Asker: 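My questions will all concern the structure given below.
Treat the numbers as computed from the prediction; the structure is a model and nothing was measured. Proteins come first, then strands; the chains are lettered A, B, ... in the order of their sequence lines, and each starts at number 1. Values below: every heavy atom of this structure, side chains too, minus hydrogens, waters and symmetry copies.
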2 protein chains.
Amino acid sequence: MTNIKDLAQMAGVSVATVSRVINHHPYVSEEKRQAVLEAIESSNYQQNINAVHLSKGKTRLLGVVLPFSDHPYFALLLKGIANEALAHNYKLVLFQTSYMESREIEALQMLRQKQIDALIFCSRSCDWSTIEEYLSFGPIVFCENMTGKPVSSTYVNHYDVFFKALNLLYHQGHMQIGYCIGRRQGTNSRGRALAYTDFLNQYDLPYRLDYIIDECLYFEDGAKVVKQIKQMSSPPTALLVTSDQVAAGIMTCCQKEGIEIPDDLALIGFDNQPIAGMMDITTIEIPHLEIGKNLFLQALNGWEKAHQEVSATFIERSTTN
Amino acid sequence: MTNIKDLAQMAGVSVATVSRVINHHPYVSEEKRQAVLEAIESSNYQQNINAVHLSKGKTRLLGVVLPFSDHPYFALLLKGIANEALAHNYKLVLFQTSYMESREIEALQMLRQKQIDALIFCSRSCDWSTIEEYLSFGPIVFCENMTGKPVSSTYVNHYDVFFKALNLLYHQGHMQIGYCIGRRQGTNSRGRALAYTDFLNQYDLPYRLDYIIDECLYFEDGAKVVKQIKQMSSPPTALLVTSDQVAAGIMTCCQKEGIEIPDDLALIGFDNQPIAGMMDITTIEIPHLEIGKNLFLQALNGWEKAHQEVSATFIERSTTN
DNA sequence: TTGTAGGCGTTATCAG
DNA sequence: CTGATAACGCCTACAA
């Protein structure tokens with residue numbers, strides 16, 4: 001492997017000059033520049049990026065923490081981040097955590113050790129106190145409302161969105177509304193849970209534990225939901241489903257089981273994924289790509305803390321009355 | 001940021017000794033070890049990983065090239081790789097290419113610049129001649145049959161699998177068989193195309209261009225397929241669909257359109273994804289996780305070239321006769 | 001415009 | 001067992 005020292009010798013200049021032409025610095029005579037360029041060409045020179053990293057203290061590597069990449073929500077977030085990273089010549093290091101705290105800590109460690117310049121948490125399991133220990137090692141940004149904390153965040157106000165959706169169903173005549181969610185933990189899920197209880201209180205509706213169905217992530221989870229509903233003596237007449245995939249699965253199963261949609265069961269999905277369009281599912285669109293883009297930019301400008309709320313759009317289709 | 005020089009001073013030893021205890025080398029007196037450990041503790045020392053990389057010439061970073069991560073096939077491959085990477089304390093750098101050659105080349109460049117130790121191509125667009133230029137910079141492994149080339153590969157014999165599936169359909173009485181595929185390019189797709197034409201020739205069946213439907217990747221693409229089929233004067237009676245997601249989409253649309261499955265249209269999916277189980281779709285199981293694991297191991301043991309064929313399993317369910 | 005030399009933080013070799 | 005010291009390859013004052 002030839003290095004800049006070799007190049008310097010070949011071109012009859014100093015290493016500094018070689019470095020200058022490599023990094024497109026001004027103040028290099030055209031003559032020497034050509035000599036260096038020629039040396040690079042003929043020697044098949046390749047910069048050792050690790051040396052650059054060591055010297056500069058930066059890697060142009062950005063960490064992305066997410067539980068799994070095969071769920072459309074995270075896959076789209078990832079795509080949004082990746083697009084912007086590409087534009088800024090950054091690469092992504094992926095941390096698939098399965099919600100395991102230990103893997104999140106691995107990511108934080110890499111930040112601490114300077115192997116990545118910044119870190120994006122698309123979702124997290126660890127406490128804020130854990131995060132706090134690593135704040136000084138580089139920018140850490142979040143896809144959940146972190147207002148008040150000394151970090152940046154881009155998020156959807158899930159409380160609001162949920163509350164509005166519930167109200168909408170209520171005004172369509174539904175008194176028995178349930179919801180399906182991926183997991184109960186997490187800021188976003190808790191925001192939704194709060195909206196749900198607040199909604200129930202507002203209209204003096206009973207809180208029914210079995211109206212909340214969790215671990216709903218994929219299409220096939222729709223089967224589980226329908227099965228559970230069928231066993232209820234007084235099933236919900238409407239369901240808020242936090243993923244269009246699951247909503248589609250529910251719809252498919254309902255057809256088999258003879259449950260009419262929306263008459264027997266109204267459905268509101270989330271994300272406005274293509275599958276929702278195809279199956280004509282009422283849904284709430286979340287601008288994943290935009291969120292991903294913003295997360296990246298916040299990570300890039302780590303010093304200026306900001307909290308950006310993005311809005312969701314209601315898209316009415318045939319699964320609501 | 002304190003470094004090992006500082007530690008050495010604090011502990012009253014040399015940097016070499018500090019390095020030894022950090023790297024758990026033998027031959028360090030317990031006394032000095034303790035001194036160093038204390039210094040590390042009190043100084044909140046953190047190793048600068050970039051310096052280690054430069055010194056060792058390795059990064060414990062592995063590149064993974066795939067077109068998109070939101071497709072179950074690639075997401076599962078990725079998961080398999082990630083699992084094994086975790087076990088070996090490697091991290092993954094993701095290259096989402098959208099089949100763009102330029103991004104594949106970025107990945108190859110990172111290998112050349114030693115920012116990653118090895119590279120896995122889950123799918124590729126670039127020519128072998130391009131790959132060839134980078135062979136000397138580190139292990140490159142493929143998820144397609146690369147027998148004869150000086151690299152490692154783990155793959156499914158798609159020709160065989162396709163041929164067998166077609167024969168099965170034929171012996172169930174189907175003479176008009178079509179197939180849906182993600183894209184026409186790529187070794188795997190070409191293997192399937194070849195199996196298809198060989199099959200047709202074997203039974204002297206006509207080659208109908210419109211029986212081959214490409215760009216079928218997601219559930220929602222099923223709508224497109226059904227629409228196309230409905231327009232044909234003589235539609236296929238059976239369809240080989242290279243993704244269960246798409247097969248499920250087709251099935252869903254067929255129900256709407258009153259097309260009976262399997263009587264009007266038999267369906268064989270691919271991958272044995274959960275959705276296939278839920279919808280009782282006949283499918284061909286591919287051991288993605290195992291393939292991912294093997295790809296990782298091949299990348300790790302880059303010097304020994306190997307080509308491993310993994311087998312697929314036929315799972316008969318209700319979408320075939 | 002150019003070159004020298006020191007620094008980035010570790011690892012590893014080689015004497016002792 | 002331990003410590004100098006030379007790599008690793010590049011960047012960048014600083015001096016010329």
Asker: To the nearest angstrom, how far is Q113(B) atom CD from dG9(D) atom C1'?
Answerer: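 Taking atom C1' of dG9(D) as the reference, CD of Q113(B) is at 12 Å.
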
Asker: To the nearest Å, give me how far apart NZ (K56(B)) and P (dA6(D)) are.
Answerer: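 My rounded result for the distance is 22 Å.
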
Asker: Find the distance N3(B):CG to dC8(D):P and express it as a whole number of Å.
Answerer: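 The answer, rounded to whole Å, is 21 Å.
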
Asker: Would you tell me if any nitrogen or oxygen in the side chain of S19(A) comes within less than 4.0 Å of OP1 or OP2 on dT12(D)?
Answerer: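 No.
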
Asker: Nearest whole Å is fine: how far is dT2(D) P from Q34(B) CD?
Answerer: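 In whole Å, dT2(D) P lies 13 Å from Q34(B) CD.
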
Asker: Among residues 45-53 of chain B, which contact DNA chain C at a heavy-atom distance under 4.0 Å?
Answerer: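 DNA chain C contact set from residues 45-53 of chain B: Y45(B), Q46(B), Q47(B), N48(B), A51(B), V52(B).
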
Asker: Taking the nucleotide of DNA chain D with the closest heavy atom to each, which residue, R20(B) or R20(A), is nearer the 5' end?
Answerer: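 Result of the comparison: R20(B).
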
Asker: List the atom of R183(B), the atom of S125(B), and the distance in Å for their closest heavy-atom pair.
Answerer: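 It is NH1-OG, 3.8 Å.
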
Asker: Measuring from the side chain of K32(A) (C-beta onward, heavy atoms only), which nucleotide among dT2(C), dT13(C), dC10(D) has the closest atom?
Answerer: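 Among dT2(C), dT13(C), dC10(D), the one nearest the side chain of K32(A) is dT2(C).
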
Asker: Donor-acceptor check, side chain of T59(B) to backbone of Q115(B), threshold 3.5 angstrom: yes or no?
Answerer: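 Yes; at least one donor-acceptor contact below 3.5 Å.
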
Asker: Would you find a donor on one side and an acceptor on the other, under 3.5 Å apart, between the side chain of N83(A) and the backbone of G80(A)?
Answerer: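 Between the backbone of G80(A) and the side chain of N83(A) there is no qualifying donor-acceptor contact (under 3.5 Å).
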
Asker: Of the nucleotides dA12(C), dC14(C), dT11(C), which one has an atom closest to the side chain of H25(B)?
Answerer: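 From the listed options, dA12(C) comes nearest.
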
Asker: Ignoring the backbone of L54(B), work out which of dT2(C), dC8(C), dC8(D) is nearest its side chain.
Answerer: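 Among the listed nucleotides, the one closest to the side chain of L54(B) is dC8(D).
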
Asker: To the nearest 0.5 Å, what is the distance between OG1 (T97(A)) and CD1 (I105(A))?
Answerer: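 The CD1 atom of I105(A) is 11.5 Å from OG1 of T97(A), to the nearest 0.5 Å.
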
Asker: Please state how far atom CG in L7(B) lies from atom C1' in dT10(C), giving the value in whole angstrom units.
Answerer: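 To the nearest whole Å, that distance equals 12 Å.
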
Asker: Side chain of S55(A), heavy atoms from C-beta onward: which of dA4(D), dC10(D), dT10(C) has the nearest atom to it?
Answerer: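 For the S55(A) side chain, the nearest candidate turns out to be dC10(D).
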
Asker: Which part of the nucleic acid, if any, lies within reach of V28(A) when heavy atoms closer than 4.0 Å are counted: base, sugar-phosphate only, or nothing?
Answerer: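 If one applies the 4.0 Å heavy-atom cut-off, V28(A) turns out to touch the sugar-phosphate alone, with no base involved.
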
Asker: Let's see if you can work this out: which of dC10(D), dG3(D), dT2(C) has an atom nearest to the side-chain heavy atoms of T17(B)?
Answerer: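 The answer is dG3(D), which lies nearest to the side chain.
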
Asker: For atom NZ of K114(A), decide whether the heavy atoms of other residues, nucleotides or ligands shown that lie under 6.0 angstrom number more than 12.
Answerer: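 No, NZ of K114(A) has 12 or fewer neighbouring heavy atoms, counting only those of other groups under 6.0 Å.
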
Asker: Take the protein atom CD of Q115(B) and the nucleotide atom P of dC8(D), then report the distance between them rounded to whole Å.
Answerer: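 From Q115(B) CD to dC8(D) P: 20 Å.
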
Asker: Reading DNA chain C from 5' onward, which residue's closest nucleotide shows up sooner: E31(A) or I22(B)?
Answerer: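 Taking each residue's closest nucleotide, the earlier one in sequence belongs to E31(A).
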
Asker: What are the two closest non-hydrogen atoms of A85(A) and L92(A), and how far apart are they?
Answerer: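 It is CB-CD2, 3.8 Å.
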
Asker: Given atom NZ of K5(A) and atom P of dT4(C), what is their separation to the nearest angstrom?
Answerer: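 Going from NZ in K5(A) over to P in dT4(C) covers 12 Å.
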
Asker: For the pair E133(B) and R112(B), find out whether any cationic side-chain nitrogen is under 4.0 Å from an anionic carboxylate oxygen.
Answerer: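 A salt bridge is absent here (no side-chain N lies under 4.0 Å from a carboxylate O).
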
Asker: If you check the A16(A) side chain, which of dC11(D), dG3(C), dG3(D) turns out closest?
Answerer: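 My answer, after comparing the listed nucleotides, is dG3(C).
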
Asker: Within the 3.5 Å criterion, strictly below it, is a donor on E38(B) or Q34(B) matched to an acceptor on the partner's side chain?
Answerer: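 The answer is no; no qualifying pair exists.
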
Asker: Given atom NZ of K58(B) and atom P of dA7(D), what is their separation to the nearest angstrom?
Answerer: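 Going from K58(B) (NZ) to dA7(D) (P), I get 21 Å.
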
Asker: Quick one: label V13(A) by what it contacts on the DNA or RNA (base, sugar-phosphate, nothing), any heavy atom closer than 4.0 Å.
Answerer: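 Answer is sugar-phosphate: V13(A) comes under 4.0 Å of backbone atoms only.
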
